[in-house]
Amino acid sequence: MGRITFKILGPLDVEADGQQIPVGGARQRAILAMLLLSPDRVVSVESLVEAVWPASAPATARNQVAICVAGLRKVFRTKTGATDLIRTEHPGYVLSLGEHCLDLAEFDTKAEAARSAVRSGRIAEANTLVDEAMALWRGRALDGVTGHQIKAAAARLDERRLEILEERAELQLRLGRHRTLVGELAALVQEHPFREQTRARLMLAQYRSGQRADALRLFREGRRLLVEELGIEPGPVLQSMQDMILRDSPALIRPEDDPVCAFSAAPPAQLLADIAAFTGRTRELAMLDGFRENSGHGKRAPVVAAITGVAGIGKTALAMHWANRVADRYPDGQLFADLRGYDDKNAPLRPFDALERFLHALGVPDNQLPPDLDSRAALFRSILSGKHVLIVLDNVRYFAQARPLLPGSGRCCVLLTSRNAVDDFTGDFAIQHLPLAPLSDAEATALLSRTVEAERMAAEPEATAQLAELCDRLPLALRIAAARLVAKPHWSVRSLVDRLQDKHRRLDELSPGTGGVRAGFALTYGRLSASAARLYRNLGLLNTPFFPTWAAASLLDTDVRTAESIVEQLAEAQLLEVIPGTADSGVRYRLPGLPRLHAWERAREEESAEDRDGALGRAYGGWLTLAEAAQARLHGSSAPRWSSAPRTELPASLVAELVEDPVAWFESECPAITEVIHSSAGEGRADIAWALTGYASTFFDTLGRLEDWQNTAKAALAAAEAAGDVPGRANMLVSLGSLAVRQGRYAEAEARCRQALRLFRHTAEGPGRAHALRHLALCALARGDLDQAGRHCRRALTALHTADGVHEAVQVLELLARVERESGRPESAVELIAHASTLRGRGCLLGQEPRLFRPAEALRQADQARRAVLSRRHTAAFVRRAGDSAREARSR
């Protein structure tokens, strides 16, 4: 059997006896790459499916994976005779290396041997081993193999390569080879400008090569990039290097005493510099001060404060501002580590490596570093025992990542930042949570004015307020916007606002280079599960100001219980804001503006047009289902059905619970419904727009939201006209006519209703025609033309010959009763009211008693005063239950 060599430190390559072995197409290469990334360990079928189909796997995905594995086995068996290279082992497959070779394993072996040589003082040998390790690289890891999981793993491998390159640079400096090192490090700094250790080593190499000015220029360039693109000052390594170069420190010229990696037994001071434009956060700073007061008691378990929030909210800025403010309270030192929990270019910092840095900073030499994690953590706790040290852990992904870095007693203060809620499930530590919200309006304006001339901002107060809102009042976005204004002194604030109002370019404006706002959201997005990522994308399409969990279920086409858990994943990732519910509304969620734009971009990029349309259609159909149920609850089963637009089926129990009080439900849901109407109208879904407007108009009328009524009806009318939807045009004309009657604009109402009647000639909609005629009767009644009003009412009753017109018939009968009463025929009016009562449906709020057209007057005129009083009392009671205060007042 031939010995196989697998190569993943570059393009995926497989060789046996010097001959290349083809491994098939993209799917087989992806599966082989996943197995090689975890040699001799089980890789589950689910992981392989997600690697091959990251967005949405087909129903046959597991079978296709099995076919690909069978193909790989056949290739290896045919080409090399290997029969047991890939084994099936629950819940997936294992690639057993055995006597075969993997370049990654060889790389790790040589790298560890080099580090061991360094610890023993064998610098030249270590340098040779590092060169041999680097020779195994042929380009970017797994170059050409697609899939999110594989690319993420490849990025981690590339990070290990960079770490070895930095260690090699350190060895070269110790060997005095600084002149040959300058060119290599310059290329590395150009490719990775934010790696401060690399930049510091290049500065040292330049200084030792007589290029002092170039070294200082390199520092200034690095500082500019860090400030402009990340909003942070250089860390202590770069700052210290600049200071020593400016002082011509003697330590710089001794290769054996490399200042970049030398550690002092003096108290460490590793905090990043404070943010120059830090503004606000008064409440949060006070909470951190209170937290510090609660810590510092030696016999107690350490208290941990966790600052959490979405990318760009200012977690690190707040942590550094407060830590620098209280640093003098911790005379035994301040430790800082970026654990890189949300870094797509660099692998997360392992607790093992973080402890090495901390122990070095506390004076532990290389030859005394314990070889395993538990021993290092124990030594760390021992050194900190009885000391007052401030520990800041930035970008923590999980609590397990930070746990080994925590002290053993409460004299130390621990502050960590994370995008997720950080919990200690064992309960060993008392975690004080400090979730960050966006800045207030005043704080956002103050932050802008700290960077841009205050007079310039004050000259355009409205534009400044808009700028803050377009930046979601996120500190990172605000600093980038401010930097743009500083760089463009000829721009007005309004000109930048105009650019940001274009949703196609807002993230571009706030994402300079490869950093900024988009990069922060992308890092969080890249770590979501497949289902959470899909919901996030679909929420970017939904323009409603908030959404309930049933809407998330509709977007995903799943059940509400499943959707709830997925929504919570997005909330835990700080991508959603939770809007506390009421008895009528329940909990709702909000996707803020900038994440919404990022989600919209991802949806346009990763979802097909058909899938996007389907997701929105299901969500809109859900609101339509609930609006229809709310009107039926209000008016009974006789309520009209507006259009045949597709409804989304929701659990009957959920619908009944939500619309138990239909007016309260609509009032809480009104902002979302009006946005759905406008969105569906703009997207050409005229049937949804005018149907939802039809249901909403009753509630708009009840709640007095007449402007919403007019705007939605006009938008739905325009959509129906564009789509050639005759019933939609006619019904929206009647809706606008009804609104005109409500506002006393009778001439406009009459014109719209007559136009609608002409359109109804081409449809079979009796209720719609009757609706138009009833409003024409109201117009005639307003003119005092009782005969014309009566004729319109009788024509309306003639048009209502089907069961779906019962509700409209009741309204017409009550109006005709009013006409008869005012014409001096009270007995006829009482008969009409009685007829309406027999038609009126049961099980609704407003349909059980006469509610508008003064039946009590007819009873009074017919000498039935006692019945008149009882009728009016019943009417007042029912409209009060429905929340219609105006009609309750009229009844009383």
Side-chain angles (χ1 to χ4, degrees), residues 152 155-156 158-160 162-163 192 194-197 226 229-237 270-275 278 284 288 304-324 334-358 361 390-406 413-424 429 431-436 474-477 479 514-528 572-575 595:
R156 290 192 292 270
D158 287 333
E159 168 62 19
R160 286 159 68 176
L162 289 173
E163 289 176 353
H192 304 280
F194 298 109
R195 296 186 73 90
E196 296 187 38
Q197 290 278 2
L226 290 167
E229 299 204 25
L230 302 181
I232 61 174
E233 290 288 343
V237 169
Q270 297 183 340
L271 296 179
L272 302 181
D274 195 0
I275 302 296
F278 185 88
E284 290 83 358
L288 288 171
V304 180
I307 302 174
T308 58
V310 71
I313 198 74
K315 301 180 293 295
T316 303
L318 173 61
M320 287 303 103
H321 180 74
W322 181 80
N324 278 282
Q334 306 90 43
L335 296 170
F336 171 84
D338 181 356
L339 299 188
R340 301 197 298 255
Y342 305 88
D343 193 326
D344 62 340
K345 295 179 181 178
N346 302 304
L349 181 65
R350 299 182 304 166
F352 182 85
D353 298 324
L355 281 169
E356 179 175 333
R357 298 181 184 182
F358 283 176
L390 174 61
I391 304 169
V392 182
L393 304 175
D394 199 20
N395 289 316
V396 177
R397 183 86 184 275
Y398 307 111
F399 185 73
Q401 189 184 16
R403 187 182 179 88
L405 308 176
L406 301 182
C413 178
V414 183
L415 180 62
L416 58 84
T417 73
S418 177
R419 296 186 191 180
N420 295 334
V422 176
D423 289 308
D424 169 28
F429 297 90
I431 298 181
Q432 303 292 325
H433 292 278
L434 182 58
L436 288 190
L474 289 180
L476 175 61
R479 286 199 298 271
T514 58
V517 173
R518 182 186 282 114
F521 295 141
L523 290 175
T524 302
Y525 171 71
R527 286 163 173 78
L528 297 175
E572 289 170 4
Q574 307 296 325
L575 291 171

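FYI, the numbering just counts along the sequence from 1. The figures that follow rest on heavy atoms only: side chains count, while hydrogens, waters and symmetry mates do not. Computed from a predicted model, the values in this text were never measured in an experiment.
Looking at residues two or more places apart in sequence or on another chain, you find a side-chain hydrogen bond (donor to acceptor under 3.5 Å, both in side chains) between R160 and D108. The side chain to side chain contact (heavy atoms under 4.5 Å, CB included) search around L476 returns R479, I480, not counting sequence neighbours. Looking at residues two or more places apart in sequence or on another chain, you find no ring pair (Phe, Tyr, Trp, His ring centres under 6.0 Å) involving H192. Remark: T316 engages D394 in a side-chain hydrogen bond (donor to acceptor under 3.5 Å, both in side chains) (not counting sequence neighbours). Remark: E159 pairs with R195 by the side-chain hydrogen bond (donor to acceptor under 3.5 Å, both in side chains) rule, at least two apart or across chains. Evaluation of the salt bridge (Lys or Arg N to Asp or Glu O under 4.0 Å) rule for D158 yields R140 as partners, not counting sequence neighbours. E284 pairs by the side chain to side chain contact (heavy atoms under 4.5 Å, CB included) definition with R281, L318, L434, L436, not counting sequence neighbours. Residues satisfying the ring pair (Phe, Tyr, Trp, His ring centres under 6.0 Å) test with F358, not counting sequence neighbours, are F380. Among residues two or more places apart in sequence or in another chain, the side chain to side chain contact (heavy atoms under 4.5 Å, CB included) test is passed with F352 by R350, L373, R376. With sequence neighbours left out, E233 forms a side-chain hydrogen bond (donor to acceptor under 3.5 Å, both in side chains) with R223. Looking at residues two or more places apart in sequence or on another chain, you find a side chain to side chain contact (heavy atoms under 4.5 Å, CB included) between A522 and H598.
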- request: Let me see the working for F336 and M320 under side-chain contact (heavy atoms from CB on, under 4.5 Å), right down to the final yes or no.
  value: CA-CA 10 Å; F336 171 84; M320 287 303 103; 3.7 Å; yes
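To the nearest 0.5 Å, the span separating CD1 on I307 from OG1 on T417 amounts to 7.0 Å. A distance of 7.0 Å separates CD in E163 from CG in D353, rounded to the nearest 0.5 Å. Y398 contributes atom OH, which lies 13.5 Å from atom CG of L339 (distance to the nearest 0.5 angstrom). From L405, atom CG reaches atom CG of L349 across 8.0 Å, with rounding to the nearest 0.5 Å. Rounding to the nearest 0.5 Å gives a distance of 9.0 Å between OG1 of T524 and CD of Q574. Interatomic distance, CG of L288 versus CD of Q432, reported as 10.5 Å (0.5 Å rounding).
The closest side-chain heavy-atom distance from P348 to R397 is not below 4.5 Å. Within the 4.5 Å cutoff, no side-chain heavy atoms of D338 are placed close to those of L272.
Across all non-hydrogen atoms, the minimal contact from A347 to R340 is O-NE, 2.7 Å. Of all non-hydrogen atoms in A306 and I431, the two that sit nearest each other are CB-CG2, 4.0 Å. When all heavy atoms of V517 and A477 are compared, the pair lying nearest together is CG2-CB, 3.8 Å. The two residues V396 and S418 come nearest to each other via the heavy atoms O-OG, 2.6 Å. Looking at every heavy atom in both residues, P404 comes nearest to A400 through CD-O, 3.4 Å. When all heavy atoms of N324 and A273 are compared, the pair lying nearest together is ND2-C, 4.1 Å.
With K315 contributing its side chain and V310 its backbone, the two residues share a donor-acceptor pair below 3.5 Å. Of the possible polar contacts, none joining the R419 side chain to the A573 backbone as a donor-acceptor pair under 3.5 Å is found. Side chain of R527 to backbone of G341: a donor-acceptor contact under 3.5 angstrom is found.
With V414 as the fixed residue, the side chain to side chain contact (heavy atoms under 4.5 Å, CB included) test singles out one of L406, V392, L335: L406.
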